[in-house]
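Notes to accompany the following structure.
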Amino acid sequence: MINVKEHEQLSILNHSAAHLLAHAVKHLYPNAKFWVGPVIEEGFYYDIDLGDEVINEDDLEQITKEMKKIVKSDKLIKRIELSKEEALEIFKDDPYKIDLIENMPAEEIISAYKQDDFIDLCKGPHVSTTKKLKHFKLLKVSGAYYKGDSKNKVLQRIYGICFENEEDLEKHLEALEDAKNRDHRKLGKELELFTSHELVGPGLQMWLPNGATVRTELENYIRTKETKEGYDHVYTPSLGSVDLYKTSGHWDHYKDDMFPVMKMDNEELVLRPMNCPHHMLIYKNSLHSYRDLPIRIGELAPDFRYEASGAVCGLERVRQMCQNDAHLFVRPDQIKEEVAKVVNLILSVYEDFNITNYSFRLSLRDKEDKEKYFDDDEMWDKAESELRKVLTDLNLNFYEAKGEAAFYGPKLDVQIKSAIGHDVTLSTCQLDFLLPERFDLTYTNEKGEKVRPVVIHRAILGTFDRFMAYLIEETKGAFPLWLAPTGVNVIPVNNGYHLEYAKEIYEFLKENDIRTKLDARDEKLGYKIRESVTKKIPFTLILGQNEVDNQTVSYRKYGTEETVTVSKEDFLKILKENIKSKK
């Protein structure tokens, strides 16, 4: 889907369309008061105070008609400049505009745009006439706190989008419909992958058997790849003392995102938001020589973050997640080689999952932000310089992003464009000189001296939760055979004549480690085949008299209507090759 903010002409159109929306609302709801109506990636919105009146989805049709009337009347859109006093007089009946004006510098020239009987504050630019705003669509209505503060009044927010022509608008609406059908929350419910319940709480998803099967395969997949790369896997507690996080520095920089402290006797414990402090202490549990390094500690670990209830979203943003986490303890001369190995591991995983739409981002600190980042200029300069040099030496194409680093060091983030247009951080590789210092980590160098290791934090799949959301939307829930909760659905044409053979084939596949279901319900064949397609099962076997007589199987692959007949041995070979290749 197109990013409106990145296209200058579309941005102008959508800014103008926001005013068109407000103009129409003012005609239909004379007492309406307006906060702001900015351009966003997906088009525009306007936050409106209608007092006791409520706009719902059905009302958008009436607002659309009024907007089209204004478009057809071809009203000129004029820019006017006002002094602060003039602006305060014009908007004296709108407390939201008064608030905006009063927060502007006294000497600032204030610009507004006027179209017929409607005027609104705006820096512009805008189109010259309402006639140029023909191709718009109001998308939805929701609530939004005034100034984004939950202590303030809830305003009504109307979203829309505008294009230069009808063709582009239709393409975008088709993309929105596709995104709606790909939404992992919708598919997660339909395919029985995960669920939530108010008694458990927001942001705390429960993985159903189908989803748990996919997640288990993902866990086995990445653990196997990491083991081959020399990682040792550990288990550590989901709790930690407050002192642990004070030592690491997370308490000062991250405590607002952590769950509240649990006090028991003389102890203060918290649910951990990340695993690095535990892994620092695992390294410290033994003495290390320079010959032992690198040491790679991996864990598939549950972590907890106190997301606001309004911010949680399916599997993308949760309060409990499971991270594909690891920490590499390396000598300074090993940094380049180990970062290269992490990058190669990331690329190998992306090849397996056919992930091609990604970019590398070097996330740096904002020097002015002394609260978010540990205050040590020398350490930061060294870490940023080291990581930038490694990325350059590896010939990676990357861009830099100020203010996106972790509090303890810079990082290489891999930004993925999802199937529905979301920009998601998936994998990350972070360079850290701070935590080895704070935990007094050492190894003995060639001279017998105790020196600090460097820590590389890295996550390949990120969290299994977010990766699962990405996968669902990328595949529309049609998982490849190696991941699918059910790989083969066995359907006898007639239970009276063909069920025994269907059971034989079912047992044959199960014995060969193929996830298989036998549909022996007393339902019509067509119904069972359609349901198999609805559940997006990769292979459906249809077994009738011909298959019984010839000891064969007839299968259909998901997404096709072609039926292929082969021996059961050849079918198993097809399945095994499909699983091995991860098609």
Side-chain angles (χ1 to χ4, degrees), residues 219-238 240 244-245 247-250 272-303 322-349 379 382-383 386-387 389-391 393-394 406-412 427-462:
E219 290 176 355
N220 291 341
Y221 162 82
I222 196 64
R223 189 185 282 110
T224 299
K225 284 191 86 89
E226 289 177 352
T227 300
K228 288 178 180 178
E229 292 289 323
Y231 287 79
D232 292 310
H233 290 88
V234 299
Y235 294 105
T236 58
S238 294
L244 175 67
Y245 297 101
T247 300
S248 69
H250 288 95
R272 68 174 175 195
M274 68 283 297
N275 318 302
C276 14
H278 293 77
H279 289 190
M280 301 302 121
L281 294 177
I282 282 184
Y283 174 88
K284 195 170 182 176
N285 186 58
S286 305
L287 297 175
H288 304 285
S289 159
Y290 70 95
R291 295 186 184 90
D292 303 326
L293 275 56
I295 292 171
R296 308 178 185 96
I297 297 174
E299 183 173 10
L300 310 184
D303 293 321
C322 183
Q323 290 206 71
N324 167 215
D325 203 14
H327 294 89
L328 286 58
F329 299 83
V330 305
R331 303 189 308 261
D333 63 289
Q334 295 172 324
I335 292 174
K336 179 181 176 181
E337 182 181 358
E338 288 303 308
V339 170
K341 286 182 177 179
V342 170
V343 171
N344 287 332
L345 180 55
I346 290 170
L347 296 178
S348 172
V349 168
M379 183 208 76
K382 180 180 181 182
E386 286 270 8
L387 190 51
K389 184 177 186 305
V390 169
L391 301 181
D393 289 348
L394 292 174
F407 82 86
Y408 48 74
K411 54 181 179 167
L412 172 66
S427 310
T428 186
C429 179
Q430 307 169 6
L431 203 56
D432 181 6
F433 290 84
L434 175 63
L435 292 192
E437 189 73 36
R438 294 188 73 105
F439 281 94
D440 190 26
L441 304 184
T442 61
Y443 68 91
T444 305
N445 68 12
E446 299 94 324
K447 298 177 182 178
E449 303 164 331
K450 287 191 174 183
V451 292
R452 301 267 182 244
V454 179
V455 170
I456 298 172
H457 306 243
R458 50 106 294 195
I460 307 300
L461 298 182

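All heavy atoms count here, side chains included; hydrogens, waters and symmetry mates do not.
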Worksheet item: Can D292 and Y443 be said to form a side-chain contact (heavy atoms from CB on, under 4.5 Å), step by step?
Response: CA-CA 9 Å; D292 303 326; Y443 68 91; over 6 Å; no
Practice prompt. List the steps, then state whether side-chain contact (heavy atoms from CB on, under 4.5 Å) holds for F439 with L244.
Written response: CA-CA 10 Å; F439 281 94; L244 175 67; 4.0 Å; yes
Item to complete: Quick one: do L328 and V455 satisfy side-chain contact (heavy atoms from CB on, under 4.5 Å)? Show the steps, please.
Response: CA-CA 6 Å; L328 286 58; V455 170; over 6 Å; no
Item to complete: Carefully, step by step, assess Q430 and T428 under the rule side-chain contact (heavy atoms from CB on, under 4.5 Å).
Response: CA-CA 7 Å; Q430 307 169 6; T428 186; 3.4 Å; yes
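Using a 4.0 Å cut-off between charged nitrogen and carboxylate oxygen, R296 and E226 do not count as a salt-bridge pair. For E386 and K382, the salt-bridge test fails: no basic side-chain N is under 4.0 Å from an acidic carboxylate O.
Here the side chains of V390 and L431 are not in contact, with every heavy-atom distance at 4.5 Å or above. In this structure the side chain of T247 never reaches within 4.5 angstrom of the side chain of M280, judged on heavy atoms. H327 is not listed as a side-chain neighbour of I456, based on a closest heavy-atom distance of 4.5 Å or more. In this structure, D393 and L391 have side chains that are not in contact, with every pair of non-hydrogen atoms separated by 4.5 Å or more. Between N445 and V451, the closest side-chain pair of non-hydrogen atoms falls below 4.5 Å. By the 4.5 Å heavy-atom criterion applied to side chains, V349 and K225 are counted as neighbours. For the pair R272/P302, a side-chain contact is recorded, criterion being any heavy-atom separation below 4.5 Å from C-beta on.
Rounded to the nearest 0.5 Å, atoms CZ (R331) and NE2 (H288) are 13.5 Å apart. The CD atom of E229 lies 12.0 Å from the OG1 atom of T224; values are rounded to the nearest 0.5 Å.
Taking both residues in full, the closest heavy atoms of L293 and V330 are given as CD2-C, 3.7 Å, listed atom of the first, atom of the second, then distance.
Side-chain polar atoms of H279 and E299 form a donor-acceptor pair below 3.5 angstrom. No side-chain donor from either of R458 and S427 sits under 3.5 Å from a side-chain acceptor of the other. Defined by atom type and a distance below 3.5 Å, a donor-acceptor pair is missing between the side-chain atoms of K450 and T444.
At least one donor-acceptor pair closer than 3.5 Å links the side chain of N324 to the backbone N or O of L461.
Aromatic ring orientation, H250 versus Y245: perpendicular (interplanar angle above 60°, classes split at 30° and 60°).
Residues Y283 and F329 place their aromatic rings such that the two centres sit under 6.0 Å apart.
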